[in-house]
Protein chains: 2
Amino acid sequence: MTDRVTLKDVAARAQVSYQTVSKVLNRQTRVSTATEKRIHDAVRALGYTPDQRARNLRAQRSYMLGYSWRPDSPNQVNPILDLFMHSMVAAADAVGYHILPFPHPDPEDHIDKYRDLIRTGRVDGFVLSSVEYQDSRIRFLQREKFPFVAFGGVAEPSAMYVDVDGTEGMRLATAHLIAQGHTRIAALGWPKESRVGELRLAGYVRAMRGAKLPVRARWVARGTGSVETGYQATQHWLQGGERTRPTAIVAVTDVLAIGAMRAIQESGLRVGADIGVTGFDDTPLAQYLTPGLSSVRQPIWQAGQNVIDLLVHCLEQEPLAQTRVVLNPELVIRPSSLLHADNTSEIAITHNE
Amino acid sequence: MTDRVTLKDVAARAQVSYQTVSKVLNRQTRVSTATEKRIHDAVRALGYTPDQRARNLRAQRSYMLGYSWRPDSPNQVNPILDLFMHSMVAAADAVGYHILPFPHPDPEDHIDKYRDLIRTGRVDGFVLSSVEYQDSRIRFLQREKFPFVAFGGVAEPSAMYVDVDGTEGMRLATAHLIAQGHTRIAALGWPKESRVGELRLAGYVRAMRGAKLPVRARWVARGTGSVETGYQATQHWLQGGERTRPTAIVAVTDVLAIGAMRAIQESGLRVGADIGVTGFDDTPLAQYLTPGLSSVRQPIWQAGQNVIDLLVHCLEQEPLAQTRVVLNPELVIRPSSLLHADNTSEIAITHNE
DNA sequence: ATCATTTAGGCGAACGTTCGCCCGAACGTT
DNA sequence: AACGTTCGGGCGAACGTTCGCCTAAATGAT
């Protein structure tokens, strides 16, 4: 609100041309130490800070990275967002960039939003999340040759992304249950259309096969990630005889796992001691349930850092060692998957071949 | 990436000066319908979109609103953020603004971040959240005469804010329990230093007084908002005789309420039927617990809309009807506060004097 | 026919940077 | 003594807008 201090003000005080001030500040030229000192003194005395808007115009850049996320269906949990956003904001800030969040529009006029942000020069690049199978945004951005990094795997070649190995996460959870002595393990998944869902289920299958345990079709249930889905599937499984029904359940989502837990408890069995349960995402929910729910935790903070790192390197035309990063999740173990809950403390185990 | 279309390109095609194109597009001048058509045709043909960076420089504005939030302690739930952010982003977008999230710095060099964003002209205004008693940011911004709106009540006169009436929320919850026939009601609060905490507790007191019920000091516990705090306080209360111990508990946080529920269940009592419990914030958690936890829900979406509305009106120098908005929360009723849980459906009741 | 007024649009300037090119002086080299 | 080279710094231009002022023609009033 008070009048802005510009290069010219500094220059007048230091008795040099304003372009020289600019160059000295950006270390583009060498001047006598005397003038250099005068300039820096003037900068400090006046409290000069370069105007980003002018820089943006001149450089034809905005130093902004667009990001829009899907508002998780009205009342769903989005534990990811807070952390992911924070991670990206911090990483971007550290290298002179900022995040520009924009509303996730209807799937159809998606592109218009993106196009507009590009055309108006508001952003230099995009972070994409919740990408789908044939995502029109990716096709569009690639055609426009506009830089972007996706969070989540992307099939398109030459697209940069950071992903968390869902298969490995689910393998970890399943293997953990197997190590507890479980042999009859059922799985709660998402509909077949969901790429992430299928990848996670693949981890279940891999762990079972690895231990030479049978994978039965009727022990794999798919549905929307609601409590109800998990509840009903589990209830159905529990109707089997005590010697034939599953003794453990892995779920691709914490919410599905909650459904399973509820069904187990209502049928008079104990979660953990009688039937082991694991979830996915390590939603804040998981630690507050009784018993605490074991869950696969994604390294969200790390992912955010990597996404920005990739994108900024690309924007700065710096060489980057890799164009795609795959991170390993870890399993946070709580009583829900333990036969005897001797200790209530959490332990996290991660990938070990 | 492809070469940018500017006013000059449009002008050349429409055979007018580029300034005229600008004026026509901004409806600053009247021209013959023929030229107007030529201009609009050229705009469409070339796909012209004004460069925001140039506009920003020229207008000495950025059309950005800074917002930083406190990263809820590592593993805490921040159900607010997703919705609040989304609401603000949507509201801002609708009036040609954008949100600029920036890292919440250490309490000490707080101000530097804010100052820098102002000086570099990156933002036109700020949204403040989690304001404290004597918030240095507010003093700073007021001194600089830089526009801002706080989410959460602010004592400083002439500061604009949007707040949710925590007192009313807690009164609602307490009154609901009283209506169920409860007379001995305890409260779980935050430390005395917390302004919000005290305001909420005031609602508890108001409801009790209103029903001529006694407020006993030892039935008001304060502590950090952890499960443990709620658990221990409740355990302690339950040691009282069946005729003297509280029959219901109101908490200023869902997490505290979870602690209470756990203590109740572990002592063999039923939540709802034996001891009523209510939480606050309607965290996603609340609906997934067994039994579902009644909780006070804040109109977060509405708050986000109002915050942006206030701020933008202020920036556009438009007159605004009010400089501070106080919203009423509603109580979402679930089995945890019902004596007999005949229906599992949720109902929401709101302020009715 | 003359003058005042509107209409239609041109033009210069400015917002605050950065970049490339220039030039005079001092310096060192043959 | 004449000549390249570095040093220290000036200057014009451009990024794409918007805003205010100007003007030439067309219109209206007298």
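Reminder, nothing fancy here: chain letters follow the sequence lines and each chain counts from 1. All figures in this text were calculated on a predicted structure; none of them were measured in a lab.
- For the pair A:Arg143 and A:Phe140, the cation-pi criterion (under 6.0 Å, within 45° of the ring axis) is not fulfilled.
- Atom CG in B:Asp9 sits roughly 11 Å away from atom C1' in D:dG16 (whole-Å rounding).
- Between A:Arg30 atom CZ and C:dA25 atom P there is a gap of 22 Å when expressed in whole angstrom units.
- The partner of C:dT30 is D:dA1, judged by Watson-Crick or G-U wobble contacts that both fall below 3.5 Å.
- Taking 4.0 angstrom as the limit, A:Tyr18 places none of its side-chain polar atoms (N or O) nearer than this to OP1 or OP2 of C:dC15.
- The OH-C1' distance, from B:Tyr63 to C:dC15, rounds to 13 Å in whole Å.
- Taking 4.0 angstrom as the limit, A:Ser32 places a side-chain polar atom (N or O) nearer than this to OP1 or OP2 of D:dG9.
- Within the structure, a side-chain polar atom (N or O) of A:Arg55 is placed less than 4.0 Å from OP1 or OP2 of C:dT18.
- Less than 6.0 angstrom separates the ring centroid of B:Phe84 from the ring centroid of B:Tyr67.
- Within 6.0 Å of the CD atom in A:Glu318, the count of heavy atoms belonging to other residues, nucleotides or ligands exceeds 12.
- Contact check for A:Val154 versus A:Asp163: no side-chain heavy atoms found under the 4.5 Å cut-off.
- A straight line from CZ of B:Arg27 to C1' of C:dG9 spans 18 Å, rounded to a whole angstrom.
- For A:Tyr161 and A:Phe151, the ring centers sit 6.0 Å or farther from each other.
- The residue A:Asn26 sits close only to the backbone: its heavy atoms come under 4.0 Å of sugar-phosphate atoms, none of a base.
- When heavy atoms are screened at a 4.0 angstrom cut-off, A:Ser22 is found touching base atoms of the nucleic acid.
- In terms of position along DNA chain D, the nucleotide closest to A:Val31 lies nearer the 5' end than the nucleotide closest to the other residue of the pair A:Val31 and B:Gln28.
- Here the P atom of nucleotide C:dG16 and the CG atom of A:Asn56 are 14 Å apart, to the nearest Å.
- Under 4.0 angstrom from either OP1 or OP2 of C:dC15 there lies no side-chain N or O belonging to A:Thr6.
- Under 4.0 angstrom from either OP1 or OP2 of C:dG10 there lies at least one side-chain N or O belonging to B:Thr20.
- The interatomic distance linking A:Ile39 (CD1) with D:dG8 (P) rounds to 12 Å, in whole Å.
- A residue-by-residue look at B:Ala59 and B:Thr29 shows that B:Thr29 has its nearest nucleotide of DNA chain C further toward the 5' end.
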Would you sort out whether A:His86 and B:Trp69 count as a side chain to side chain donor-acceptor pair (under 3.5 Å), showing the intermediate values? CA-CA 9 Å; A:His86 227 93; B:Trp69 67 100; 3.2 Å; yes
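- Within 4.0 Å of B:Gln60, counting heavy atoms only, lie sugar-phosphate atoms of the nucleic acid but no base atom.
- Going from atom CG of A:Leu46 over to atom P of C:dG16 covers 14 Å, rounded to whole Å.
- Contact annotation: side chain of A:Arg58 to base of C:dT18, donor-acceptor pair present below 3.5 Å.
- Of the two residues near DNA chain D, A:Ser17 and A:Leu57, the one whose nearest nucleotide lies more 5' is A:Ser17.
- Rounded to whole angstrom, the span from the NZ atom of B:Lys8 across to the P atom of D:dT17 amounts to 9 Å.
- Place B:Glu36 and B:Ala54 on DNA chain C by their nearest nucleotides, and B:Glu36 ends up nearer the 5' end.
- A donor-acceptor contact under 3.5 angstrom links the side-chain atoms of A:Lys23 to the base of D:dG10.
- With hydrogens and angles left out, the side chain of A:Gln19 and the base of D:dG9 share no donor-acceptor pair within 3.5 Å.
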